Amino acid sequence: MERVDYLILGAGPAGLTFANLLKRNCPEKSFLVLEKEQEAGGLCRSKDVDGSPLDIGGGHFLDVRRPKVNEFLFSFMPEEEWNVYDRDSRIDMGTYEIGHPFEANIWQMPQDEQVKYLKSIAIAGCNLDQPKPEKFVDWITWKLGEKIAQDYMLPYNGKMFGGELDSLGTYWLEKLPNVSFEETLLSCLNRKPYGTQPGHARFYYPKKYGYGELWLRMAEALGDRIKYNAAVKEMDFAQKTVTCADGSNYAAETIITTIPWKSISEFTGADDAFRSCVQALKHTGTEIRYCEKTLDTKAHWTYVPSEKKAHHRILVRSNFCEGSKGYWLETNLNRLSLMDGSVPEKTTTGEQAAFANEYTYPLNTIDKPEKIKEILSFAKERGVIGLGRWGEHEHYNSDRTVERAMELFAALENK
Ligand SMILES: Cc1cc2nc3c(=O)[nH]c(=O)nc-3n(C[C@H](O)[C@H](O)[C@H](O)COP(=O)(O)OP(=O)(O)OC[C@H]3O[C@@H](n4cnc5c(N)ncnc54)[C@H](O)[C@@H]3O)c2cc1C
């Protein structure tokens, strides 16, 4: 059995960052990364489809907000290799489009529509000092009013979270844009958005490649310290070992796990309480499907609340990936049966055009904070540390994931 100081499960942004920090700063430490796929990058991978890169885990943009993170990432892929864009994202309202977030862009609607939305927000629970609800689904109407809830937020989120809307809590909502009623009124009066804008207001995307190129370069820097096609199936807390689907075993002083807890089918040395916490974690999956037509829009992406369409988001590749054409659809796996038959799974030249990802969004269910806290503390006491989107079951973007890996490395290695 191979034994190392650090065994890192998963070669997505979290695992790649932690491993590269070890390699650069702790030459005396032995480590190995186990990755179930044939290549690194996780949800941030890209593949060439119809002559240009396609982000097969969904549209991925590097936020400009974390300069220390970006400085580290640019050491693998220099800043000159990236374009910078100011976000142009829209909401498809059927007969017209408005900018995102909805409540900051009502001013872009026909005037009679503006009046209906403003009336509805004016009597939303938060503006009448009613208590904040515990469930996300109730919070939507409380914060934004009945009309935005019915026309956009409930159908859009219902599509994206594929039937799990009812189980979500409200403790994670700092992720969403925050626009007060006063700011919505000001935006309608002055015909421009007000309030806190969402993430990726300004972002980087590679000039010549897909987002996946960055992570391929980070993987390359690790050489043979990544083992591919190594799907971890079992974890033994007492021995600090893991077993892969092919029967290979690895032991470590410390295990850093960035893979979904639920993807591990057997935990030896765990109690029933731990197992039931793992089973309580929920997630959704998403399909990415390429379409060859080039859309006549300047938007980078568009949110689609209409129940009649299976997909919830359109990514207009031709507007952020230099020299490319076409766009892709993002659809919750539970809604694939509703997919319009005119969107094929292959391109006209027979290339694979549809990519299904089982784990895309860790769900912020009402009981999640308590469950993941128990999982992480049980594991940590046994030398196993959860990191990243799946290890911590947090809705992190890749820049935050990298930052988490940097923080963990600094804490463990004092560097
Ligand atoms: C649709 C969508 C859009 C997004 N858009 C953005 C964006 O615009 N900007 C941004 O910064 N972030 C975005 N994100 C978030 C980004 O994808 C994550 O922050 C990032 O991928 C998290 O990295 P990670 O290493 O924690 O997890 P992952 O990327 O999921 O990596 C986990 C790795 O573990 C491997 N693995 C899984 N199970 C096993 C197993 N049993 N054994 C071995 N290996 C295993 C996987 O193959 C994978 O390589 C988006 C995510 C989604 C789903």
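If you read the sequence from its start, that first residue is 1, and numbering goes on from there. All values derive from a computational prediction rather than experimental measurement.
Applying the salt bridge (charged side-chain N to carboxylate O under 4.0 Å, His left out) test between Glu394 and each of Lys373, Arg389, Arg400, Lys368 identifies Lys368 as the sole match. Partner of Tyr204 under the ring-ring contact (aromatic ring centres under 6.0 Å, His included) criterion, out of Tyr209, Phe74, Phe61: Phe74 alone.
Side-chain contact check for Tyr327 and Thr297: no donor-acceptor pair (N or O, by modelled atom type) lies under 3.5 Å. No side-chain N or O of Glu351 forms a donor-acceptor pair with one of Tyr290 less than 3.5 Å apart. Between the side chains of Thr360 and Thr286, at least one donor-acceptor pair of N or O atoms lies under 3.5 Å. For the residue pair Tyr6/Glu413, the side-chain donor-acceptor check at 3.5 Å is satisfied. When only modelled atom types and interatomic distance are considered, Glu292 and Thr348 share a side-chain donor-acceptor pair under 3.5 Å. Side chains of Gln279 and Ser276: no donor on one and acceptor on the other come within 3.5 Å.
Taking the six-membered ring for Trp and the full ring otherwise, Phe102 and Tyr117 have centroids separated by under 6.0 Å. No close placement of the Phe203 and Phe320 rings is indicated, their centers lying 6.0 Å or farther apart.
For Glu220 and Arg217, the salt-bridge test fails: no basic side-chain N is under 4.0 Å from an acidic carboxylate O. For the pair Glu71 and Lys68, the salt-bridge criterion is not met [side-chain N within less than 4.0 Å of a carboxylate O]. Contact check on Arg90 versus Asp88 returns a salt bridge, with a Lys/Arg side-chain nitrogen under 4.0 Å from an Asp/Glu carboxylate oxygen. Ion pairing between a basic and an acidic side chain is recognised when a charged N comes within 4.0 Å of a carboxylate O; Asp246 and Lys227 show such pairing.
Side-chain contact between Lys262 and Val278 is present, with heavy atoms from C-beta onward closer than 4.5 Å.
Ring geometry for Phe161 against His395 counts as perpendicular: the plane angle is over 60°, on a 0 to 90° scale with 30° as the lower cut.
The side chain to side chain contact (heavy atoms under 4.5 Å, CB included) check on Lys47 picks up Glu39, Ile56, Phe355, with sequence neighbours excluded.
A ring pair (Phe, Tyr, Trp, His ring centres under 6.0 Å) check over residues 163-187, counting only residues at least two apart or in different chains, returns the pairs Phe136-Trp172.
How far NE2 of His60 is from CG of Leu43: 5.5 Å, rounded to the nearest 0.5 Å.
Formation of a donor-acceptor pair under 3.5 Å by the Thr243 side chain with backbone atoms of Asn249 is not found in this model.
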